[in-house]
Every structure is written in structure tokens, then in C-alpha cells.
Amino acid sequence: MQPISLIQFLIEARRAGHINAELSLLIEVVARACKRIAVATSKGALGGVLGMAGSDGTQSINVQGEAQKKLDVISNEILLEANAWGGHLAACASEEMEDPQQIPDRYPKGNHLLMFDPLDGSSNIDVNISVGTIFSVLHCPDGVTEPKAEHFLQPGTEQLAAGYVVYGPATVLVLTFGHGTHEFTLDREVGSFVLTRRNVRIPEQTAEFAINMSNQRHWQAPMQRYIGELLAGKSGPRGKDFNMRWVASMVADVHRIVTRGGVFYYPLDAEIEKQGGKLRLMYEANPMAFIVEQAGGAASTGRQRIMELQPTGLHQRVPVFLGSKDEVEVATNCHLQADGTH
Ligand code: AFP
């Protein structure tokens with residue numbers, strides 16, 4: 001059978017009425033930008049792109065208060081530049097920038113809002129571990145010509161499309177626009193993304209979990225109890241052994257789950273309680289929740305479905321539980337029972 005390129009897949013989706021021409025162009029542009037990011041990341045030390053941003057010896061800090069890597073800044077610029085002039089966007093927002101970026105007046109404007117985390121897991125770059133880009137697309141409210149942060153604050157259920165690209169041994173794009181989750185692998189010789197899995201399905205049950213165990217002492221009681229039961233293995237209440245993985249690049253951890261099942265947890269803990277969680281709702285939790293749900297998985301905060309949260313800020317953080325449906329349900333019920341709401 002002839003391989004299907006991303007472009008062919010998007011044409012097919014347009015014909016089926018799943019996306020319109022503008023959204024198709026948007027996805028194409030993001031995918032093209034991600035190919036450039038893949039080239040930049042793959043150069044490693046040879047490209048002079050490793051290490052921290054800040055050319056004059058001062059440390060560059062992003063809106064999240066985190067130190068920026070050079071590749072964070074480069075990837076952000078690649079995505080902004082690629083998306084400015086195509087006429088498919090009303091504005092975009094990045095994890096790396098305080099406020100939304102407007103489309104310059106000299107360029108045509110479209111009806112979509114794009115949000116992205118240009119380089120997730122960037123603290124892994126210098127040690128040559130997979131990193132990724134995450135993106136999410138919303139409709140710009142009618143009549144709004146200069147979208148502000150408030151116009152982006154739509155629940156995840158309103159997303160028109162979401163995707164991630166993992167820059168690993170292979171560069172892989174995983175995409176949804178609400179009609180299943182699909183995987184494309186970059187054919188580096190040809191320079192195009194090729195469909196490698198259509199309608200990916202995440203097994204409902206699993207025996208593999210991902211969590212940063214070093215935070216265990218700070219977790220809330222239900223999380224302590226739940227993970228304790230997984231660690232107890234065959235002789236514990238769950239009656240089976242569980243394996244653990246933690247890449248510390250959400251994209252890579254989620255990609256493992258999308259490939260062979262599993263669950264990913266970044267729960268609330270005493271250290272991050274004040275900020276609401278570790279991961280960002282708009283740039284990480286919502287797009288990953290959409291992708292995982294469309295693959296038959298589930299995504300919750302431990303207490304409620306992520307995609308139903310009403311966002312309160314562009315850079316809001318939330319707890320994240322996602323992956324194999326039955327296991328996310330066990331962990332969520334554990335919290336709801338402890339709260340007395342289940
Ligand atoms: P960086 O982009 O700063 O490396 O953060 C990555 C991340 O947001 C997410 O991709 C990981 O799952 C998580 O943080 C890792 O957190 P720990 O540092 O607690 O392992």
C-alpha cells in the first residue's frame with residue numbers, strides 16, 4: 001500500500017468535513033515548523049544550541065519563572081515566525097510568553113487561536129533525551145479582532161485540534177481534531193510526515209505507571225495510598241505487579257502511553273499546591289487530554305475531567321492524571337472517596 005503523507009491525510013479530512021481549509025493549513029504550518037525544530041534539536045552540541053539562553057552572561061527566565069534553554073527560545077521563534085503570515089491565525093499564545101502574540105497588521109488574519117509549548121522537557125536536551133512540542137487550537141470568538149488572554153480561556157472541550165511532536169530516535173507527530181488520534185513519522189530523507197498509525201487505541205488496563213517518585217513525601221494522602229498499593233504488587237490489594245517509567249519529558253511519557261498504554265501522574269503536592277499543580281492547563285494538560293481521550297484513554301485532575309475545567313489564566317497549572325482509562329478511574333476514585341464525594 002502507498003504511504004499516506006500528512007498532506008494527503010489532511011485533504012482526506014477536509015473532504016470528510018472533519019476540518020476546514022484554514023485548520024488544515026494551520027496544522028500543515030505547525031508540522032513544517034516542527035520539522036525545523038527537529039533539525040535544530042538533532043544538531044546537538046554541533047549546532048551551538050545546547051545550554052542556557054542569555055547571551056550576555058545573564059540568565060534568561062520565562063513567564064513561568066523557569067530558566068530558558070537556548071532551544072526553548074529558538075523553538076518559540078520558529079513557531080511564531082512560521083505562523084505569523086499564513087492568514088490562518090487570529091493570535092497565538094506560548095508557554096514561553098506572558099501575553100498572547102498578535103498577528104502583525106501587514107499580514108492577513110484567520111479565525112483560529114494557537115497555543116503551544118515550543119519545547120517541552122527542555123531540561124532533558126543537554127543529556128540527549130527526547131523532548132517535544134505540544135500544541136492546541138481553538139476557535140477565535142466571533143467579532144474579536146485583537147484576541148486577548150481572556151479569549152483563549154476556553155475549556156479543553158472546545159479544542160478544534162491538538163497534537164504533539166516528539167523529537168526522539170524518530171520524529172513523530174501525534175494529532176487529533178476530534179475524529180480519533182493518528183500518528184505520523186517523519187521520513188527524514190523525503191522531508192514529510194507519513195501516516196504510521198491511524199486511530200491509535202490506548203489499552204484500557206495497564207500495569208505501568210509514570211510518576212516522579214522523589215515527590216512522594218509531599219503528596220496528598222490519597223495519592224500516597226494509591227501508589228503504595230501499586231508498589232505492593234502481587235501480594236498487595238491490586239494483586240498484580242506494576243512497572244514504573246519516568247522520562248521527565250511529558251511528550252515522551254505520553255507517547256509511550258499512546259503506544260503501549262500506561263498512566264502518567266503529576267499530582268498536587270505540598271510543594272506545588274499554591275500554584276495549583278506543576279503542568280500547564282492550556283499548553284500541556286488540555287492538548288494531551290484531548291489526544292488521550294480520542295485514543296480511548298482518560299484524563300483527570302484526580303477529581304474532575306481535565307477538558308471540562310474552566311480556565312482562569314493563560315498560564316494556569318493543574319494536577320494531571322492521564323492514560324489507560326480503567327487505571328485513571330481507580331486513581332480518581334481514590335481521591336473522590338477520600339474527599340467524601342464518591
Ligand atoms: P521542562 O520543560 O522544564 O524540562 O519541564 C518538563 C515538564 O513540564 C514535563 O514535560 C515533565 O513531565 C515534568 O516537567 C517533569 O517534572 P520533574 O522535574 O518533576 O521530573
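Just so you know, ligand 1 is whichever comes first in the structure, and atom 1 is the first atom listed for that ligand.
- When the options Leu71, Leu119, Ile125, Val39 are evaluated for a side-chain contact (heavy atoms from CB on, under 4.5 Å) with Tyr167, the one that passes is Leu119.
- Looking at Met250 next to ligand 1, an N or O pair under 3.5 Å apart turns up.
- Relative ring orientation between His112 and His139 is described as perpendicular, the plane-to-plane angle rising above 60° on a 0-90° scale split at 30° and 60°.
- By the neighbour-count criterion of 12 heavy atoms within 6.0 Å, atom CG of Asn128 is sparsely surrounded, having that number or fewer from other residues, nucleotides or ligands.
- Considering both main-chain and side-chain atoms, Asp120 comes within under 3.5 Å of ligand 1 through a nitrogen or oxygen pair.
- The option with the heavy atom closest to atom 11 (C) of ligand 1, from among Ala248, Gly132, Pro118, is Ala248.
- The side chain of Leu279, and not its backbone, has at least one atom closer than 4.0 Å to an atom of ligand 1 (non-hydrogen atoms only; side chain from C-beta on).
- Between Arg15 and Glu12 there is no salt bridge, since none of the side-chain N atoms of the basic residue sits less than 4.0 Å from a carboxylate O of the acidic one.
- Interface atoms of ligand 1 facing Arg280, defined by a heavy-atom separation under 4.0 Å, are 8 (O).
- Of the candidates Lys278, Glu95, Glu271, Glu284, the one placing a heavy atom closest to atom 13 (C) of ligand 1 is Lys278.
- Those atoms of ligand 1 with a heavy atom of Tyr266 less than 4.0 angstrom away are 16 (O), 17 (P), 19 (O).
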* To do: Begin from the C-alpha positions of Glu208 and Arg260 and carry the test salt bridge (Lys or Arg N to Asp or Glu O under 4.0 Å) through to its verdict.
  => CA-CA 9 Å; Glu208 193 164 71; Arg260 69 178 189 208; 2.9 Å; yes
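- Taking distance alone, with nitrogen or oxygen atoms compared against 3.5 Å, Trp246 approaches ligand 1 more closely than that limit.
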* Check step by step if salt bridge (Lys or Arg N to Asp or Glu O under 4.0 Å) holds for Arg303 and Asp339. => CA-CA 9 Å; Arg303 284 163 169 110; Asp339 294 351; 2.5 Å; yes
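- Residue Ser249 has no N or O atom closer than 3.5 Å to an N or O atom of ligand 1.
- For ligand 1, the polar-atom distance check finds no N/O of Leu119 at less than 3.5 Å from any of the ligand's N/O atoms.
- In this structure, Arg225 has no salt bridge (charged side-chain N to carboxylate O under 4.0 Å, His left out) partners at least two apart in sequence or on a different chain.
- Listed by number with element, the atoms of ligand 1 under 4.0 angstrom from any heavy atom of Asn212 are 17 (P), 19 (O), 20 (O).
- The residues Arg317 and Glu284 are annotated as not salt-bridged, no charged nitrogen and carboxylate oxygen being separated by less than 4.0 angstrom.
- With a 4.0 Å cut-off on non-hydrogen atoms, Ser122 touches ligand 1 through its backbone as well as its side chain.
- Set against the non-hydrogen atoms of Gly121, the atoms of ligand 1 under 4.0 Å away are 1 (P), 2 (O), 4 (O), 6 (C), 10 (O).
- Between Phe184 and Phe9, the ring planes lie perpendicular to each other; the angle is over 60°, past the 30° to 60° tilted range.
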